[in-house]
Amino acid sequence: MKKVLIIGTGSIAKKHLINLSNLNYKISIFSETQNKIIIKDKFVKFDYVNDLKKLNEYVFVVLANSTNKHIKYLNLLINQKKNIYCEKPISHKAFDYKKLRKKIF
């Protein structure tokens, strides 16, 4: 079974969790704030992870945390050569997108 990591526990992360569960992915959730995801209307199986040391396990990562943390995690994930789906916007302030782009390509 393919494994995916979702970073974040907000409402958008919950939507990704439900959709990926319907596609039969094995899902793990990471959050700095340790908020819990509660899904009342549907049973969805997933695991919480405490660190990001085993990124090689995941086919891709969904970045659905606070926008002000996107660049931090994008840099980590790009350096680990992970496939990334990042919620928009990429950042809450202006940043040098050309530097980030060079890392990707």
Side-chain angles (χ1 to χ4, degrees):
M1 182 176 287
K2 293 180 182 179
K3 293 177 79 174
V4 63
L5 174 67
I6 299 173
I7 297 177
T9 56
S11 62
I12 300 300
K14 184 190 284 191
K15 290 177 184 179
H16 288 297
L17 174 65
I18 292 168
N19 291 334
L20 291 166
S21 176
N22 289 335
L23 295 171
N24 295 318
Y25 281 93
K26 182 169 175 29
I27 304 164
S28 296
I29 304 278
F30 172 83
S31 176
E32 287 181 10
T33 60
Q34 301 300 315
N35 291 337
K36 299 291 183 194
I37 290 183
I38 298 170
I39 299 173
K40 296 177 183 176
D41 56 340
K42 182 174 183 166
F43 176 75
V44 178
K45 187 176 178 181
F46 60 93
D47 298 313
Y48 284 105
V49 293
N50 296 328
D51 60 58
L52 299 177
K53 293 179 182 171
K54 297 181 180 177
L55 289 174
N56 59 333
E57 295 179 9
Y58 304 105
V59 175
F60 67 96
V61 179
V62 175
L63 197 50
N65 59 345
S66 301
T67 304
N68 65 330
K69 296 180 182 173
H70 282 182
I71 297 296
K72 170 186 171 181
Y73 286 104
L74 278 171
N75 281 311
L76 170 76
L77 296 168
I78 290 167
N79 288 338
Q80 294 290 319
K81 308 270 191 247
K82 296 310 304 172
N83 294 312
I84 307 161
Y85 176 85
C86 182
E87 281 296 328
K88 62 182 182 181
I90 289 178
S91 180
H92 66 297
K93 60 183 179 180
F95 71 100
D96 187 355
Y97 75 90
K98 290 179 183 178
K99 260 188 191 177
L100 195 61
R101 187 177 173 164
K102 281 182 186 179
K103 287 182 177 184
I104 297 170
F105 299 106

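This structure is a prediction, so every number in the text was calculated from the model and none was measured. Atom set for the values below is all heavy atoms of this structure, side chains included, hydrogens, waters and symmetry mates excluded.
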Measuring from atom [atom1] of [X] to atom [atom2] of [Y], what distance do you get when rounded to the nearest 0.5 angstrom?
X     : Y     : atom1 : atom2 : value
Ile7  : His16 : CD1   : NE2   : 12.0 Å
Asn83 : Leu77 : CG    : CG    : 10.5 Å
Ile18 : Leu23 : CD1   : CG    : 12.5 Å
Phe46 : Ser28 : CZ    : OG    : 10.0 Å
Asn79 : Leu74 : CG    : CG    : 10.5 Å
Lys45 : Ile27 : NZ    : CD1   : 11.0 Å

Any heavy-atom pair between the side chains of [Y] and [X] that's under 4.5 Å?
X     : Y     : answer
Tyr85 : Val4  : no
Tyr73 : Val61 : no
Val44 : Ile37 : no
Val49 : Tyr58 : yes
His70 : Thr67 : yes

Passes side-chain contact (heavy atoms from CB on, under 4.5 Å), Phe60 versus Leu20? Steps please. CA-CA 11 Å; Phe60 67 96; Leu20 291 166; 3.7 Å; yes
Mind listing the closest non-hydrogen atom pair of Ala13 and Gly8 along with its distance?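 Distance-wise, the nearest heavy atoms are CB-O, 3.4 Å.
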Salt bridge (charged side-chain N to carboxylate O under 4.0 Å, His left out): pairs with one or both residues in residues 12-34, sequence neighbours excluded: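 Output for this query lists Lys26-Asp47, Glu32-Lys69, Glu32-Lys72.
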Among Leu55, Val59, Ile29, the one residue meeting side chain to side chain contact (heavy atoms under 4.5 Å, CB included) with Leu5: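 Running side chain to side chain contact (heavy atoms under 4.5 Å, CB included) over Leu55, Val59, Ile29 with Leu5 returns exactly one hit, Leu55.
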Is there a path of hydrophobic side-chain contacts, each under 4.5 Å between heavy atoms of I/L/V/M/F/W/Y residues, joining Tyr25 to Tyr48?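 Yes, one cluster joins them.
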Does atom NZ of Lys3 have more than 12 heavy-atom neighbours, drawn from other residues, nucleotides or ligands, at distances under 6.0 Å?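 More than 12 heavy atoms, drawn from other residues, nucleotides or ligands, come within 6.0 Å of this atom.
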For Asn68, does its backbone N or O pair with a side-chain atom of Ser66 as donor and acceptor, under 3.5 Å?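 Pair absent, no side-chain N/O of Ser66 close to backbone of Asn68.
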